[in-house]
Protein chains: 2
Amino acid sequence: MSCGSLYASELRARGYRMTPQRMLILHILHSAGTHLSPTEIFATAKKEFPRLTEPTVYRTLDFLTENGLVRPAHRGNGHHVYEIARHEHHHLVCRVCGGEVEVEHKVLAKLYRELETASGYRLTDSHVTFFGLCPGCQKGD
Amino acid sequence: MSCGSLYASELRARGYRMTPQRMLILHILHSAGTHLSPTEIFATAKKEFPRLTEPTVYRTLDFLTENGLVRPAHRGNGHHVYEIARHEHHHLVCRVCGGEVEVEHKVLAKLYRELETASGYRLTDSHVTFFGLCPGCQKGD
DNA sequence: ACTGTTATTGCAAAAAGTTGCAATAAGGAA
DNA sequence: TTCCTTATTGCAACTTTTTGCAATAACAGT
């Protein structure tokens, strides 16, 4: 069973459908291996699938996010980028060169527990990006 | 010395200028006491100052953010909202009712230090919003 | 394989956010 | 107060993102 049909049965089990558009966007994100903006995804996908439209890209990304197949991240400009969902992680981005490292979600586990105890909320997810200066860019000041 | 002229001299000391537009937007955010979207800010400000335009609002918010007078936050839809800079804090937002509580930045201090040690980055700021279910909405499921 | 239900898409139009550039005005210096 | 420099604004055009609705197509059931 291929990777694509695994996704398909996952979705079908929840009453959704696998479509060529969703397959294509998953494939693009998968082979990119890094995060892409909706515009980049649209540009790439349009080549394969000329009838594709922007609203479909945005709705597909929302849909895949809600179903846990992709994950959104932010890079400081207020816009989202998306990447294939792998292990749960966050980003630490250099304000100068844009370089970044991943932060394992595990590192936030204790904080999560503290917040749940203090607030009474049950935490489900979070949007977390840290910004700073990478070791290289600290030297220039 | 009024609150406004205090801001003004702060900006002038850095080579920037205080303008009626900046004053107005600061005033709107200050009296709102909560976070507002650029669109809400524009709508409110336009009444006072009909010549104001959207680009000015966006650029002003960026400017005030860079100068530490306002702070951006996100509410899960990928768009920014802005609030007057008070003490540094983050948000914990209920996915069901939208209710929220503030999370003191102090709570993240230890995590910051751990991240700096582990990564070699020097952290300057972050975009952090936690999502979950508030105590009330946990009952309904 | 065919049929019916309805999730999903494309289209069109609107809303939100961005960019380049010439005109304006803040505020330091004379 | 007046002049000069240049940070900032408004305008116009553009890109990105969202929304409503009718047409399409996935797929469960026969």
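Excluded from the calculations below are hydrogen atoms, water molecules and symmetry mates; all remaining heavy atoms, backbone and side chain alike, are included. Proteins get letters first, then strands, A, B, ... in listed order; numbering begins at 1 in each. Note that this is a predicted model, so its numbers are computed, not measured.
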Chemist: Sequence neighbours left out, what passes side chain to side chain donor-acceptor pair (under 3.5 Å) with A:Ser119? Give chain and number order.
Modeler: none
Chemist: Scan the side chains in residues 58-66 of chain B for donor-acceptor partners under 3.5 Å anywhere in the protein, sequence neighbours excluded, and list what turns up.
Modeler:
from    : atom 1 : to      : atom 2 : distance (Å)
B:Thr60 : OG1    : B:Thr56 : O      : 2.6
B:Thr65 : OG1    : B:Leu61 : O      : 2.7

Chemist: Whole Å only: how far is the CD1 atom of B:Ile25 from the C1' atom of D:dG10?
Modeler: 14 Å
Chemist: Can you check whether B:Leu36 reaches B:Val81 side chain to side chain, under 4.5 Å on heavy atoms?
Modeler: no
Chemist: When the distance from CZ of A:Arg14 to C1' of D:dA28 is rounded to whole Å, what number comes out?
Modeler: 19 Å
Chemist: In chain order, what residues pass the salt bridge (charged side-chain N to carboxylate O under 4.0 Å, His left out) check against A:Arg12, with sequence neighbours excluded?
Modeler: none
Chemist: Do A:His127 and B:His127 come close enough that some side-chain heavy atom pair is under 4.5 Å?
Modeler: no
Chemist: Hydrophobic side-chain clustering at under 4.5 Å (ILVMFWY, transitive links): who's grouped with A:Val93? Put none if nobody.
Modeler: A:Phe131
Chemist: Within this structure, what is the CG-to-P distance between A:Leu61 and C:dT9, rounded to whole angstrom?
Modeler: 11 Å
Chemist: Tell me, please, which residues at least two apart from B:Tyr112 pass side chain to side chain donor-acceptor pair (under 3.5 Å).
Modeler: B:Ser126
Chemist: Strictly below 4.0 Å, heavy-atom distances to any atom of DNA chain C: list the hits from residues 33-60 of chain B, or just say none.
Modeler: B:Pro38, B:Thr39, B:Pro55, B:Tyr58, B:Arg59
Chemist: With nearest nucleotides of DNA chain D determined for B:Gln21 and A:Asp62 from heavy-atom distances, which residue corresponds to the more 5′ nucleotide?
Modeler: B:Gln21
Chemist: Could you check how far CE of A:Met23 sits from C1' of D:dA25, rounded to whole Å?
Modeler: 15 Å
Chemist: In whole Å, what is the span from the CG atom of A:Leu11 to the P atom of C:dA7?
Modeler: 14 Å
Chemist: Of all residues at least two apart in sequence or in a different chain, which pass the side chain to side chain donor-acceptor pair (under 3.5 Å) check with A:Glu40?
Modeler: A:Ser37
Chemist: Partners of A:Asn67 by side chain to side chain donor-acceptor pair (under 3.5 Å), sequence neighbours excluded?
Modeler: A:Arg14
Chemist: Between the protein and nucleotides 4-7 of chain D, which nitrogen or oxygen pairs come in under 3.5 angstrom?
Modeler:
from  : atom 1 : to      : atom 2 : distance (Å)
D:dT6 : O2     : B:Arg17 : NH1    : 3.3
D:dT6 : O2     : B:Arg17 : NH2    : 3.2
D:dA7 : O4'    : B:Arg17 : NE     : 3.4
D:dA7 : O4'    : B:Arg17 : NH2    : 3.4
D:dA7 : N3     : B:Arg17 : NH1    : 3.2

Chemist: Calculate the interatomic distance between B:Met18 atom CE and C:dG27 atom P; express it in whole Å.
Modeler: 8 Å
Chemist: Report the end-to-end axis angle of the helix from C:dA1-D:dT30 to C:dA30-D:dT1; each axis comes from five terminal pairs, and the value is rounded to 10°.
Modeler: 30°
Chemist: Considering residues at least two apart in sequence or located in another chain, which fulfil the salt bridge (charged side-chain N to carboxylate O under 4.0 Å, His left out) criterion with A:Arg95?
Modeler: B:Asp125
Chemist: Starting at atom CG of A:Leu26, determine the distance to atom P of C:dT8, rounded to an integer number of angstrom.
Modeler: 13 Å
Chemist: Could you tabulate the donor-acceptor pairs under 3.5 Å formed by side-chain atoms of residues 98-107 of chain B, not counting sequence neighbours?
Modeler:
from     : atom 1 : to      : atom 2 : distance (Å)
B:Glu100 : OE1    : B:His35 : NE2    : 3.2
B:Glu100 : OE1    : B:Arg75 : NH2    : 3.0
B:Glu100 : OE2    : B:His35 : NE2    : 2.9
B:Glu102 : OE1    : B:His87 : NE2    : 3.2
B:Glu102 : OE2    : B:Arg86 : NH2    : 3.0
B:Glu104 : OE2    : B:His87 : NE2    : 3.4
B:His105 : ND1    : B:His90 : NE2    : 2.9

